[in-house]
Amino acid sequence: MKKSAYIINLRDQQTALQAYDWVVGDDFFAAIEDAQIQYGTVAVALEVERLASASYDLHFSLKGQVTVDCDRCMEPMSQKIEGNATVRVRLGQEDADDGDVITIPEERGTIDLQWPVYEQIALQVPIRHVHPDGECTGETDKALKEFAAQAEEKSPDPRWDALKGVLDKQ
Ligand SMILES: [Zn+2]
């Protein structure tokens, strides 16, 4: 497996605040197994705040766009995202994640942020995400078919008959 490019060392952080910057792209999403987001470009700014008692607050700031499936037509759509999130990490005995706090072994001192970064990006996607009205793939097809059906139902335009007569004589 390729080594994650998102491993940071918390235990050896010398300063009260440490900043990181990444721009994650398609290859980032492709590396996540079963990712709902398969494409995108997101600028990730991270500020690690060292707290008392071997804890750290990871302040994420996320901005970009991702491709997700539309809730209405199930076709891919582009979704803009922008937001902030904070994740708390503490040094402990072994790897654990209770939903509020991520624990990493103090002995190792590092955390791989590949999954947390993905998770925070995914959380920025609105629960309901759909194409703008009328832009769903299915809807466009449906509208065209309805239009065609209506056109056929209408009684033939006499001018067409006249024109047809002209064309037939040629
Ligand atoms: Zn759609």
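Scope of the values below: all heavy atoms of this structure, side chains included, with no hydrogens, waters or symmetry mates. Just follow the structure's listing: the first ligand is 1, and inside any ligand the first atom is 1. Keep in mind the model is a prediction, meaning the values are calculated, not measured. Along the sequence shown, the residues carry numbers beginning at 1.
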Would you list the protein N, O or S atoms within less than 2.8 Å of the Zn ion (ligand 1), leaving out water? C70 SG, C73 SG, H131 ND1, C136 SG
If every non-hydrogen atom of F29 is compared with every non-hydrogen atom of A35, which pair is closest and at what distance?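 Residues F29 and A35, closest heavy atoms: O-CB, 3.9 Å.
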Would you indicate whether the side-chain heavy atoms of F28 and V42 approach each other to under 4.5 Å?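 The answer is no; the side chains never approach within 4.5 Å.
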Between R90 and D100, is there a side-chain N and carboxylate O pair less than 4.0 Å apart? no
How far does CD1 of I111 sit from OG1 of T103, to the nearest 0.5 angstrom?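 Here the rounded value is 9.5 Å.
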Inter-residue atom distance T110.OG1 - D12.CG, 0.5 Å rounding: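 Reported value, rounded in 0.5 Å steps: 9.5 Å.
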Pairs of donor and acceptor atoms involving the side chains of residues 43-60, under 3.5 Å and at least two apart or interchain, shall be tabulated with distances.
from	atom 1	to	atom 2	distance (Å)
E49	OE1	H59	NE2	2.7
R50	NH1	Q13	O	2.9
R50	NH1	Q14	O	3.4
S55	OG	S53	O	3.3
Y56	OH	L10	O	3.2
D57	OD1	R88	NE	2.8
D57	OD1	R88	NH2	3.4
D57	OD2	R88	NH2	3.1
H59	ND1	T86	OG1	2.9

